[in-house]
Asks: 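I am attaching a structure below and will ask some questions about it afterwards.
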Amino acid sequence: MKNRTLLDGWMMKPLAAASLGAMVVLASGTALAQKPASASAANNKPAEVYKPIPGFDLSSIDTSVDPCNDFYKFACGKFAANHPIPGDQPEVDQFYALYNVNTQSLNGILAKAAAGGADRTANEQKIGDYYKSCMDTDAIEAKGLAPIKPWLDEIDAVHSTRDLPTLVGKLQRNGIDVFFGYGEQQDFKDASKQIAFVDQAGLGLPERDYYLRTGAKDETIRKQYVDHVAKMLTLAGTPAEQAQKDAAAIMAFETTLAKASMPVTDRRDPEKVYHLQTIATFHQSIPAPAFNQFRKAISSPEISEINNANPEFITAMMKAIDDTNIETLKAYMRYHLLSGAASRLPKRFDDENFDFYGRKLTGQPEQSARWKRCSNAVNGALGEALGQVYVSQYFAGDSKAKMLEMVHDIENAMERDIDQLDWMSATTKARAKEKLHGVANKIGYPDKWRDYTKLEVKADDALGNKFRGTAFENDRQLAKIGQPVDHSEWGMTPPTVNAYYDPSMNDINFPAGILQPAFYDPKQDDAVNYGHIGAVIGHELTHGFDDEGRKFDAKGNMSDWWTPEDAKKFEQRTDCLVNEYGSFTAVDDVKVNGKLTLGENTADNGGLVLAYLAYLERAKMNKVDLSAKVSGYDAHQRFYIAYAQNWCENSRPEVIRQQVLTDPHSPDHFRANGAIVNQPGFAAAFSCKKGAPMVPVNSCRVW
Ligand SMILES: [Zn+2]
């Protein structure tokens, strides 16, 4: 359930062990989620100073566009011209802009910690030395393949499939996700229990359909992937001709895994990824001797039951292993090891890895600067050690109190909204309110900080630090199996520019990283902040009641608390959103996937309604004159402009294409317009007339 990347979904690639859970995040960023990009030369310092975008950004508004015609173009029309995409980024949007500002802040902390000195605290030594080793490209170059040689030797020593379980366990423990995923989750049906899961994984391309879809675009990507795999193997010493053969065989093996993998849309359904089995039953899929060797190697406690998330996959994977030449399986592990370690290997590996995962998949021409990548690597490995310093320097105390006030306003707005729904019975309303009252609010940073004492960090061991950091997090996650749930735990680090809802915990989480401009701007009034971060709060809260979240109750258990009639009415209403968003064309001929994005669209729509209701109530309490103009716009208008400006973006078409194919969030343009068009207060705010594109005949409304 806990993951580092900003890719949304049930199955997330976490810091360490694979992990499965229901956590839904606010935004995804292809750049932030891609495999570690590669290391270019010595770009050790920020070349420019990143500045935050203000909460109300007049410079992005294009007044030549009629807001009733295309509100996104009106609110964000000049954003792209003002924010050209730098070569080292796949896109610019509000998240990326703040991410850059934040990375700069982290880099300042880390450069100081890396400078050393005897008075460093234990945590400062760890974050400083981790950063220092990551930045030291000369040392990395000088060591060549030596740091990874013991691992390559272990793969070479494999004689038969009997040698695989222990090696696969060790690789996965260090973050090299081969064959399948193994991790810890809360039991969907008993959230007080922490159990093990196995799941589909082991692919080098973003997800299954990249292997199976027809069409020139995908065929090109597959060919580029095979070439890339061959190049990586060649760089590590495989003769070129053999590497080509190996790469083709790896592609065939991964395609078999892809065919047995579940499509992204199905994976959003918690019931489809939940198959609790006793360990005896599970051993019909993976026999006890092999599984126990794997389990010990990945440092998992003994287990009595397991969620076999996709049983067909595990069966097909075991068959594929039996059907595949052992030399191919060795080459497959070798490639994934090299790719996973590339950011701490000599430049030729890092460059080649970036060439495929960055340049070819996302269209980004240049590698991201090393200081950015290393700063965020420390945030990934030691996020709460770094976060502790970050919070003390960058998180103003009063922003927490203001956030809490907004969260309570929005929860109160949801309570009033539930009371007034004309389509829901009193029985379901009572259960919905019970769930709402059970939501825990987490703001800024955890109450108690994680202890990194046992993680060894050395100033001259870049790859070792990466592997040990990943193993440390893997062990921490797996040690939770069989233990009581710690409700104070966070699934994101404090500096993260994002937010999430977790249905098993039934909590909404807003790390300190996102509580900055443009999302939260203390210099702006409530109209703007409720439009920005207020809608984000409403978004996360509504996730508890979207098509996934509604299947979990107040205690985080998957249980059906809806009357059959209300469930049916809910689905009729969400069908409206599926059709609305499914009609949007994202790029070329690729349309938004209305089913894949349903949960996020429901959250965007509901979140905006709740933020608006909460704002009106707060303004009434504070006797605010809503018609008073600031910068030429009244309060209603500034609220909607601020909301739309959450989603101002300038993206490369490759990024949008990858997003539409893999990401449960709609592209930003539609996150703005798709939700605004359904708002009851919007037409009046901009005096839009019936028949205007932003005033539909039948608007969709779920919450
Ligand atoms: Zn979301």
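Atoms within each ligand, like the ligands themselves, are counted from 1 in listed order.
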Asks: D546: which residues meet the salt bridge (Lys or Arg N to Asp or Glu O under 4.0 Å) condition with it, sequence neighbours left out?
Replies: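 In terms of salt bridge (Lys or Arg N to Asp or Glu O under 4.0 Å), with neighbours along the sequence ignored, D546 is linked to no residue.
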Asks: Does H665 bring an N, O or S atom to under 2.8 Å of the Zn ion (ligand 1)?
Replies: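 Here the distance criterion (N, O or S atom, under 2.8 Å) is not met by H665, so no.
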Asks: Would you say Q89 and S368 make side-chain contact, with heavy atoms under 4.5 Å?
Replies: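 Contact flag for Q89/S368 side chains = no.
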Asks: With the Zn ion (ligand 1) at the centre, find the angle made by NE2 from H539 and NE2 from H543, to 10°.
Replies: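 Angle NE2(H539)-the Zn ion (ligand 1)-NE2(H543): 100°, rounded to 10°.
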Asks: Donor-acceptor check, side chain of N376 to backbone of K372, threshold 3.5 angstrom: yes or no?
Replies: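 Present.
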Asks: For the Zn ion (ligand 1), find the closest N/O/S atom belonging to E600 and write down its atom name.
Replies: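 It is OE1, the N, O or S atom of E600 closest to the Zn ion (ligand 1).
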Asks: Residues in side-chain hydrogen bond (donor to acceptor under 3.5 Å, both in side chains) with E649, at least two apart?
Replies: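 E649 satisfies side-chain hydrogen bond (donor to acceptor under 3.5 Å, both in side chains) with S651 only.
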